[in-house]
Structures are given as structure tokens and as C-alpha cells.
2 protein chains.
Amino acid sequence: MLSKRLKSVRKTKGLTQEELAKRVKTTKGTISNYENGHSTPSNEMLKDLADALDTTTDYLLGRTNKIDGSSLQSEGEFNDPDLQIAFRDAADFSEETKQQAIDFIKYLKEKEKNRSKDKDKNF
Amino acid sequence: MLSKRLKSVRKTKGLTQEELAKRVKTTKGTISNYENGHSTPSNEMLKDLADALDTTTDYLLGRTNKIDGSSLQSEGEFNDPDLQIAFRDAADFSEETKQQAIDFIKYLKEKEKNRSKDKDKNF
DNA sequence: TAACTAAGAAATTCTTAGCCC
DNA sequence: GGGCTAAGAATTTCTTAGTTA
């Protein structure tokens with residue numbers, strides 16, 4: 001899966017194996033090995049490849065069909081802005097107060113757990 | 001990077017190393033090795049981990065700060081790992097419980113403010 | 001119970017070089 | 001130029017078992 005995607009993305013970008021190799025600091029032989037399934041890149045190399053080809057590791061690994069990486073890499077998108085603000089504040093707390101916040105969250109977590117346990121007792 | 005994220009996501013989901021190990025068909029020792037940086041998962045394992053933990057390989061590898069569609073965080077803004085974990089936990093709370101967390105942090109914030117105001121006083 | 005680590009076995013990758021088209 | 005592959009060296013992972021908290 002990775003081999004096919006790596007090859008197709010590279011070709012889409014109009015790169016040769018050697019050009020890609022230079023970008024990720026390896027040799028064309030290694031890139032060829034990846035593309036023919038004779039070996040697989042390390043995690044670090046996987047990231048480098050995704051960077052060099054402007055895609056995502058999830059795409060290269062076949063976990064998603066989205067090629068473009070820009071959406072995944074966008075940062076700072078939070079579902080719950082209030083929660084985000086609260087925790088940014090908490091990050092500035094003194095250690096003592098921070099611990100109080102953490103403890104309270106733990107307490108809430110336990111409460112949530114028991115709540116869902118009552119809903120479905122499947123084990 | 002992967003080690004830290006793997007650990008925090010696993011804890012967020014309330015799993016032990018052994019439980020996670022079973023999900024991805026390996027042993028707890030191997031999971032421990034990942035989390036302590038003694039080894040790194042193969043690409044196949046990386047996918048399995050992302051599946052088991054309901055996140056992305058890009059997140060586990062540190063290419064993005066988005067955990068997934070639902071819960072999220074921004075590493076780097078929070079130096080405190082425990083606070084990070086608490087934040088992720090809170091993101092999964094029900095709306096009602098989430099609000100309690102937010103309110104409590106607001107309360108702590110007020111307390112902190114007064115505390116620094118009263119620095120001179122003894123108590 | 002949960003997590004960490006040492007050590008050796010086992011498996012994999014990387015490099016080099018040569019080959020083909 | 002562009003890409004493919006063999007073989008061995010080099011590196012890494014995985015497993016087991018014992019240890020720690």
C-alpha cells in the first residue's frame with residue numbers, strides 16, 4: 001500500500017527517485033526499495049517523505065484517501081473554545097493550583113465513568 | 001515524540017499497556033518499549049495503534065496537533081503532561097461535565113488572581 | 001496490578017554496486 | 001538519465017523473564 005502511494009505521489013509531483021531521495025537525505029536505491037516493497041521507511045523517514053511530498057503519513061500508509069496534507073496540518077482548531085481558554089488559563093496557574101485543576105478533572109472523569117457504566121453494563 | 005503521544009493517548013482512553021497490547025496483537029513489553037523510546041513501531045503497527053486509539057498516524061508521529069475530529073489539544077502550549085492528559089479527558093466529557101470543568105477552572109483563576117494580589121499578606 | 005528494562009535471538013533495513021531499459 | 005535488485009553489513013525490533021513501585 002505504501003509502495004503504490006509513494007510512487008504515485010512522487011510521480012504526480014514530477015519528481016524522480018533521485019530527486020526525492022535528495023530531499024529526504026537518502027539514496028535512490030532506498031526509495032526504489034520502498035516503492036517496490038523491499039523495505040519500508042522508518043517512522044522518521046515516513047514523516048520526511050510526507051513533508052517532501054506535501055501529503056500525510058495517513059495517506060501514504062493507506063489509512064485515508066485524502067492526499068493533501070494542508071488540512072491535517074492546520075492547527076489551532078478546537079471544538080470547544082471555552083474549554084481551550086480554560087486550559088490555557090490553567091497552564092499559567094501556580095503548580096499548586098494547577099494540581100487542583102488536574103485533580104478535579106480526575107474526579108469528574110470518575111464520575112463520568114460511573115455514569116456510563118450504569119447506562120450499559122456489558123462487562 | 002511518538003512515545004509521549006502514544007502514552008498520553010492511551011491514558012486518555014483509560015487503557016493499560018496490556019489492554020492496548022491485546023488490541024494490536026502484541027505484548028505489554030513491546031508497548032512499554034514504544035512509550036519509553038526503546039523501539040518504534042513498524043508502519044503496520046503504527047496503523048494498528050492509530051486504529052486502536054482512534055487517532056491518526058500523523059498525530060502519533062507529531063506531524064499534526066489534531067488528535068482527531070472530536071478531541072484535540074495543542075502540545076507545546078502546555079508543558080505539563082498531566083495537564084495535557086486532563087485536557088484530553090475533559091474534551092471527552094459530556095457537555096454538562098465539561099461545563100463543570102470549565103467553571104471550576106474559572107473559579108481557580110479568580111483565586112489565583114487574589115492570591116497574587118495578597119502576596120504581602122501572610123496566610 | 002501496572003510498568004520498566006536487560007539481553008540475546010530474530011528480523012529488517014541500508015548501502016553498495018552493478019545491471020537493464 | 002531513470003529505475004531495479006542482490007548480498008552482506010549494520011542496525012533495529014521483538015521476546016522473555018526478571019525487577020520495581
Side-chain angles (χ1 to χ4, degrees), chain A residues 1-55 57 60-63 99 102-103 105-107 109-110 113-114 117 123, chain B residues 1-53 55 57 60-63 80-86 88-89:
Chain A
M1 178 50 97
L2 173 129
S3 51
K4 288 178 185 173
R5 294 213 163 170
L6 183 60
K7 185 171 215 162
S8 76
V9 176
R10 175 179 60 80
K11 288 195 166 180
T12 299
K13 302 286 176 179
L15 296 170
T16 68
Q17 289 182 342
E18 193 155 25
E19 286 168 338
L20 176 57
K22 180 165 282 183
R23 289 194 186 187
V24 298
K25 295 188 170 53
T26 185
T27 62
K28 63 176 183 174
T30 295
I31 298 295
S32 180
N33 280 335
Y34 296 158
E35 295 188 357
N36 289 282
H38 295 137
S39 68
T40 55
S42 68
N43 290 337
E44 268 312 305
M45 180 61 81
L46 188 63
K47 289 203 295 183
D48 290 345
L49 289 169
D51 288 339
L53 295 172
D54 193 31
T55 182
T57 62
L60 289 177
L61 294 174
R63 286 193 77 242
Q99 195 55 51
I102 292 168
D103 290 341
I105 300 284
K106 282 182 183 168
Y107 157 71
K109 189 184 178 184
E110 278 305 309
K113 205 190 284 180
N114 295 331
K117 258 186 193 168
F123 60 132
Chain B
M1 174 53 93
L2 173 130
S3 52
K4 287 179 189 173
R5 294 211 163 173
L6 184 60
K7 183 172 215 160
S8 70
V9 176
R10 174 178 61 78
K11 289 195 167 181
T12 295
K13 301 288 176 179
L15 296 170
T16 66
Q17 289 182 342
E18 192 156 26
E19 286 167 339
L20 176 58
K22 182 165 280 184
R23 287 195 187 187
V24 298
K25 294 189 169 53
T26 186
T27 63
K28 62 179 180 174
T30 297
I31 299 295
S32 181
N33 279 335
Y34 295 158
E35 295 188 355
N36 289 283
H38 295 137
S39 67
T40 55
S42 67
N43 290 336
E44 269 311 306
M45 180 61 81
L46 187 63
K47 287 203 295 182
D48 289 344
L49 288 169
D51 288 339
L53 296 172
T55 182
T57 62
L60 288 177
L61 293 173
R63 286 194 74 243
D80 191 326
D82 290 334
L83 189 61
Q84 280 182 43
I85 291 169
R88 296 215 188 97
D89 287 341

Chemist: Using whole Å, report how far CG of B:L49 lies from C1' of D:dC14.
Modeler: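 Spelled out: CG on B:L49 to C1' on D:dC14 is 14 Å.
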
Chemist: Could you give me the CA-CA distance, side-chain angles and deciding distance for A:V24 and A:T30, then say whether side chain to side chain contact (heavy atoms under 4.5 Å, CB included) is met?
Modeler: CA-CA 11 Å; A:V24 298; A:T30 295; over 6 Å; no

Chemist: Taking B:S8's backbone N and O only, do any of them form a donor-acceptor pair with B:T12's side chain (distance below 3.5 Å, no angle check)?
Modeler: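 Yes: the side chain of B:T12 pairs with the backbone of B:S8.
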
Chemist: Would you kindly give the CD1-to-P distance between B:I31 and D:dT15, to the nearest whole Å?
Modeler: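 After rounding, the gap between these two atoms is 11 Å.
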
Chemist: Which whole-number value in Å describes the distance from B:L46 CG to D:dC14 P?
Modeler: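 B:L46 atom CG is separated from D:dC14 atom P by 12 Å.
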
Chemist: Reading nucleotides 2-13 of chain D 5' to 3', which nucleotides get B (base under 4.0 Å from a protein heavy atom), which S (sugar-phosphate only), which -?
Modeler: SBBB-------S

Chemist: What do the steps show when you test B:R5 against B:T55 for side chain to side chain contact (heavy atoms under 4.5 Å, CB included), and what is the final call?
Modeler: CA-CA 10 Å; B:R5 294 211 163 173; B:T55 182; over 6 Å; no

Chemist: Could you tell me the separation between the CG atom of B:N43 and the P atom of C:dA11, rounded to a whole number of Å?
Modeler: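 Nearest whole value for this atom pair: 19 Å.
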
Chemist: Do any pairs count as a salt bridge (charged side-chain N to carboxylate O under 4.0 Å, His left out) and have a residue in residues 34-44 of chain B, sequence neighbours left out, and if so which ones?
Modeler: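 As it turns out, the salt bridge (charged side-chain N to carboxylate O under 4.0 Å, His left out) pairs with a partner in residues 34-44 of chain B, which skip direct neighbours, are B:R10-B:E35, B:E44-B:K47.
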
Chemist: Checking side chain to side chain contact (heavy atoms under 4.5 Å, CB included) for the pair B:L2/B:L46: CA distance, chi angles, key distance, verdict?
Modeler: CA-CA 10 Å; B:L2 173 130; B:L46 187 63; 3.6 Å; yes

Chemist: Please report the shortest heavy-atom distance between B:S3 and B:G37, naming the atom on each side.
Modeler: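 Heavy atoms only, the tightest pair is CB-N, 4.1 Å.
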
Chemist: Could you give the NZ-to-P distance, from B:K22 to C:dA2, as a whole number of Å?
Modeler: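 So the NZ-P distance, B:K22 to C:dA2, works out to 12 Å.
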
